[in-house]
Visitor: 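I am attaching a structure below and will ask some questions about it afterwards.
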Amino acid sequence: MIAVTDYKRYVFECIGIVITLIFCIIIFNYWQDSADIFSNEKIYRSEAIASCSGKSLIVSGNYNERLFIKSVLKYGINDYDVLVFGSSRAMFIGEKEMPVKLHLRNLAVSGGSLYDDIAIWHAYVENEKKTPQMVVIGVDPWIFNHNNGETRWKETLFDEYAAAMKNWGLTQQEKRNFDIYKSLLSISYTRESIKKLFTDMQPLAVLENQESVTDGKQIMYADGSHEYSKSDEYGTGSEEKAKKYIGGKVYQLEEYDVLDDKLKNDFSVFIKNIQDRGIKVVFFLPPYHPIVYEYLSREAKYRKVLEAEQWVKDYARENGIVVVGSYDPKAIGLDGDAFIDGMHMKRHHNPVRFTIK
């Protein structure tokens with residue numbers, strides 16, 4: 001009888017230890033929050049203020065770009081002449097790309113979707129001090145793919161997106177992402193949290209000198225535009241990276257069976273909302289590396305990429321919108337040397353210029 005009692009006590013003690021360990025992991029991951037998915041915009045307040053005050057930042061690691069954008073819009077002046085939306089493929093667009101001096105803010109985010117564009121536009125309108133003259137929208141082919149798999153916007157921008165849809169009288173079918181709480185028990189998230197605990201390096205910091213922008217790092221200029229390190233901007237090897245890019249699933253383009261009607265309609269309402277404010281809209285079609293584009297053109301399952309470009313051009317023509325760029329690099333005179341990898345163009349190779357008329 002005593003042995004059985006001792007065994008039960010041992011089992012309960014083991015269960016208690018496991019529960020305590022799990023609880024500690026949850027608390028630790030929530031406290032460190034390596035991807036800032038449980039934080040609010042205050043966490044980037046000083047960096048956002050520095051950026052909006054004319055200082056460039058150095059990007060040394062992963063940070064919550066969407067949360068940073070919210071900080072910029074909350075703590076900045078928001079009196080811009082030009083706004084830029086889109087994905088990382090539009091992040092290079094800045095005041096350098098304008099023919100005259102204009103106050104510009106690049107609000108593009110990695111993996112940017114239509115949901116991101118709508119949410120960030122709504123956040124800007126809620127905080128604006130001045131109506132911009134022009135809005136440049138990087139239109140990636142995946143924004144019309146309902147199966148693109150991009151959910152990061154739900155972690156940070158869900159409320160802004162839902163508010164915009166309500167204001168515009170559109171049906172809101174998306175649901176808040178509660179999967180983020182799985183991160184609290186994720187081994188990889190715990191690993192990143194431990195790394196964050198024992199490193200002094202900040203993913204965002206005020207840029208002191210250009211020499212600190214080494215491989216793998218980027219400059220975020222005061223206008224929000226990004227530029228890669230010199231080794232990336234002027235390096236070679238994009239061909240191998242392009243081949244690797246199409247070696248497996250192509251980013252956000254899998255299961256692209258149809259240009260989603262609801263996404264096209266939401267896109268149209270989004271653009272009309274901008275134009276109704278008297279703002280010029282410009283569509284930017286970011287090019288792919290020649291190897292990637294040739295592959296996408298050849299493979300039947302990616303033909304929606306070509307259809308997306310044609311649909312955007314038709315829509316633009318019908319609504320008086322200027323289109324610059326093309327998914328086809330040859331159409332705008334680019335070869336493989338103009339690319340860092342399969343889908344990102346080198347800034348100094350950029351042939352695109354934007355004008356306000």
Side-chain angles (χ1 to χ4, degrees), residues 34-41 43-45 47-48 51-52 56-76 78 80 82-94 97 104-127 132 135-145 148-164 174 177 180 203-204 217-228 251-253 263 266-267 270 274 283-286 340-341 343-345 347:
S34 59
D36 298 328
I37 58 178
F38 302 107
S39 304
N40 60 36
E41 57 267 22
I43 193 172
Y44 293 120
R45 183 177 184 275
E47 292 85 355
S51 179
C52 295
S56 295
L57 305 179
I58 181 171
V59 182
S60 302
N62 293 327
Y63 68 103
N64 191 323
E65 297 172 14
R66 290 158 176 82
L67 202 56
F68 176 76
I69 293 295
K70 288 180 68 171
S71 297
V72 166
L73 298 181
K74 181 173 182 177
Y75 301 113
N78 299 326
Y80 303 106
V82 181
L83 297 178
V84 179
F85 295 85
S87 70
S88 59
R89 303 195 324 136
M91 281 184 173
F92 70 88
I93 301 172
E97 281 62 50
L104 178 148
R105 186 75 208 186
N106 191 310
L107 300 172
V109 293
S110 295
S113 64
L114 179 59
Y115 306 108
D116 287 299
D117 293 343
I118 290 173
I120 295 171
W121 168 247
H122 176 79
Y124 180 82
V125 171
E126 290 292 297
N127 293 279
V135 169
V136 178
I137 301 175
V139 186
D140 291 286
W142 61 69
I143 72 168
F144 304 112
N145 179 16
N148 65 36
E150 180 56 63
T151 61
R152 281 175 287 183
W153 66 274
K154 293 183 178 181
E155 299 166 4
T156 308
L157 295 168
F158 185 87
D159 290 338
E160 288 78 8
Y161 170 75
E174 299 298 322
N177 183 17
I180 61 172
L204 281 180
K217 298 181 180 180
Q218 297 180 32
I219 300 173
M220 183 196 300
Y221 291 105
D223 59 12
S225 65
H226 288 234
E227 189 169 308
Y228 290 88
Y251 186 66
Q252 296 207 39
L253 296 180
L263 288 173
D266 291 353
F267 178 81
F270 166 50
I274 297 173
F283 290 160
F284 168 56
L285 301 175
I340 292 172
D341 53 29
M343 69 173 191
H344 293 101
M345 187 168 49
R347 185 169 188 171

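Since we're looking at a predicted model, the values are computed, not measured.
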Visitor: Can you tell if the side chain of Ile340 reaches within under 4.5 Å of the side chain of Met345, non-hydrogen atoms only?
Guide: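 Not touching, per the 4.5 Å side-chain cut-off.
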
Visitor: Less than 4.5 Å apart, side chain to side chain, heavy atoms only: is that true for Asp266 and Leu114?
Guide: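 Yes; the side chains approach each other to less than 4.5 Å.
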
Visitor: For Glu97 and Ser225, run side-chain contact (heavy atoms from CB on, under 4.5 Å): C-alpha distance rounded to whole Å, both residues' side-chain angles, the deciding distance at 0.1 Å, then the answer.
Guide: CA-CA 10 Å; Glu97 281 62 50; Ser225 65; 5.5 Å; no

Visitor: Classify the ring geometry between Phe284 and Phe92 as parallel (under 30°), tilted (30 to 60°) or perpendicular (over 60°).
Guide: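 It falls in the perpendicular class, over 60°.
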
Visitor: Do Phe85 and Tyr115 make the cut of ring centroids closer than 6.0 angstrom?
Guide: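 They do not qualify: ring centres at least 6.0 Å apart.
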
Visitor: Measuring from Asn148:CG to Leu263:CG, what's the distance to the nearest 0.5 Å?
Guide: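 Going from CG on Asn148 over to CG on Leu263, the span is 8.0 Å.
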
Visitor: Would you say the side chains of Asp140 and Ser87 form a donor-acceptor pair under 3.5 Å?
Guide: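 Indeed, the side chains of Asp140 and Ser87 share at least one donor-acceptor pair under 3.5 Å.
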
Visitor: Within this structure, what is the CD1-CG distance for the pair Ile143 and Asp117, rounded to the nearest 0.5 Å?
Guide: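 Reported to 0.5 Å precision, the distance equals 6.5 Å.
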
Visitor: Is the backbone of Ser110 close enough, under 3.5 Å, to the side chain of Arg66 for a donor and an acceptor to pair up by distance?
Guide: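 Yes.
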
Visitor: Please step through side-chain contact (heavy atoms from CB on, under 4.5 Å) for the pair Ser113 and Trp153, ending with a clear verdict.
Guide: CA-CA 8 Å; Ser113 64; Trp153 66 274; 4.0 Å; yes

Visitor: Please give me the minimum heavy-atom distance between Cys52 and Gly76, naming the atom from each residue.
Guide: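 Cys52 and Gly76 have their closest heavy atoms at SG-CA, 3.7 Å.
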
Visitor: Given side chains that start at C-beta, do those of Tyr63 and Tyr44 come closer than 4.5 Å, heavy atoms only?
Guide: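 With C-beta onward as the side chain, the pair touches.
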
Visitor: For the residue pair Tyr124 and Leu83, establish whether any side-chain heavy-atom pair is separated by less than 4.5 Å.
Guide: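 Side-chain contact under 4.5 Å: yes.
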
Visitor: Under a 4.5 Å cut-off applied to non-hydrogen side-chain atoms, are Glu47 and Leu57 in contact?
Guide: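 Yes; the side chains approach each other to less than 4.5 Å.
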
Visitor: Which atom pair, heavy atoms only, marks the closest approach of Pro141 to Leu253?
Guide: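 Closest heavy-atom pair between Pro141 and Leu253: CG-CD2, 4.1 Å.
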
Visitor: What do the steps show when you test Tyr251 against Met343 for side-chain contact (heavy atoms from CB on, under 4.5 Å), and what is the final call?
Guide: CA-CA 9 Å; Tyr251 186 66; Met343 69 173 191; 3.8 Å; yes

Visitor: Ala123 and Leu73: which non-hydrogen atoms are nearest, and at how many Å?
Guide: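 Result for this residue pair: CB-CD1, 3.7 Å.
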
Visitor: Applying side chain to side chain donor-acceptor pair (under 3.5 Å), name anything that partners Ser88, two or more places apart in sequence or on another chain.
Guide: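 Ser88 satisfies side chain to side chain donor-acceptor pair (under 3.5 Å) with His344 only.
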
Visitor: Salt bridge check: are Glu150 and Arg152 linked by an N-O gap of less than 4.0 Å?
Guide: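 Yes.
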
Visitor: Roughly how far apart are Asn64 CG and Ser71 OG, rounded to 0.5 Å?
Guide: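 The distance works out to 9.0 Å.
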
Visitor: At what distance, to the nearest 0.5 angstrom, does CG of Asp116 lie from OG1 of Thr156?
Guide: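 Those atoms lie 9.0 Å apart.
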
Visitor: Tell me, do Gln252 and Asn145 make a side-chain contact under 4.5 Å, heavy atoms counted?
Guide: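 Not in contact.
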
Visitor: Decide side-chain contact (heavy atoms from CB on, under 4.5 Å) for Met220 and Phe68; before the verdict, give the C-alpha distance in whole Å, the side-chain angles of both, and the deciding distance to 0.1 Å.
Guide: CA-CA 12 Å; Met220 183 196 300; Phe68 176 76; 3.6 Å; yes

Visitor: Just checking, any donor-acceptor pair under 3.5 angstrom between side chains of Ser51 and Arg105?
Guide: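 Yes, side-chain donor-acceptor contact under 3.5 Å.
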
Visitor: Tell me whether Asn106 contacts the main-chain N or O of Ala90 through its side chain, where contact means a donor paired with an acceptor under 3.5 Å.
Guide: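 Yes, because the side chain of Asn106 sits within donor-acceptor range (under 3.5 Å) of the backbone of Ala90.
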
Visitor: Would you compute the distance between atom NZ of Lys70 and atom CG of Leu157 and round it to the nearest 0.5 angstrom?
Guide: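 Spacing of NZ (Lys70) from CG (Leu157) equals 6.0 Å.
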
Visitor: Indicate the ring-plane relationship of Phe270 and Phe267, choosing parallel, tilted or perpendicular according to the 30° and 60° boundaries.
Guide: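 Because their plane-to-plane angle is over 60°, the rings of Phe270 and Phe267 count as perpendicular.
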
Visitor: Indicate yes or no: at least one non-hydrogen side-chain atom of Met91 is less than 4.5 angstrom from one of Glu65.
Guide: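 Met91 reaches Glu65 side chain to side chain.
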
Visitor: Using only atom types and a distance under 3.5 Å, with no angle test, would you say the side chain of Arg347 pairs donor to acceptor with the backbone of Glu227?
Guide: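 Here the side-chain-to-backbone pair does not exist.
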
Visitor: Less than 4.5 Å apart, side chain to side chain, heavy atoms only: is that true for Trp121 and Val125?
Guide: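 Result yes, sub-4.5 Å side-chain heavy-atom pair found.
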
Visitor: Drop me the distance from Ile120's CD1 to Ile69's CD1, to the nearest 0.5 angstrom.
Guide: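 Here the interatomic distance stands at 5.5 Å.
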
Visitor: Give me the atom names and distance for the closest heavy-atom approach of Val72 to Ala48.
Guide: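 Scanning both residues, the minimum pair turns out to be N-CB, 3.8 Å.
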
Visitor: Distance alone, cut at 3.5 Å: any donor-acceptor contact between the side chains of His226 and Gln218?
Guide: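 Present: a donor and an acceptor within the cut-off.
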
Visitor: Side chain of Asn78, backbone of Asn127: donor and acceptor closer than 3.5 Å?
Guide: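 Present.
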
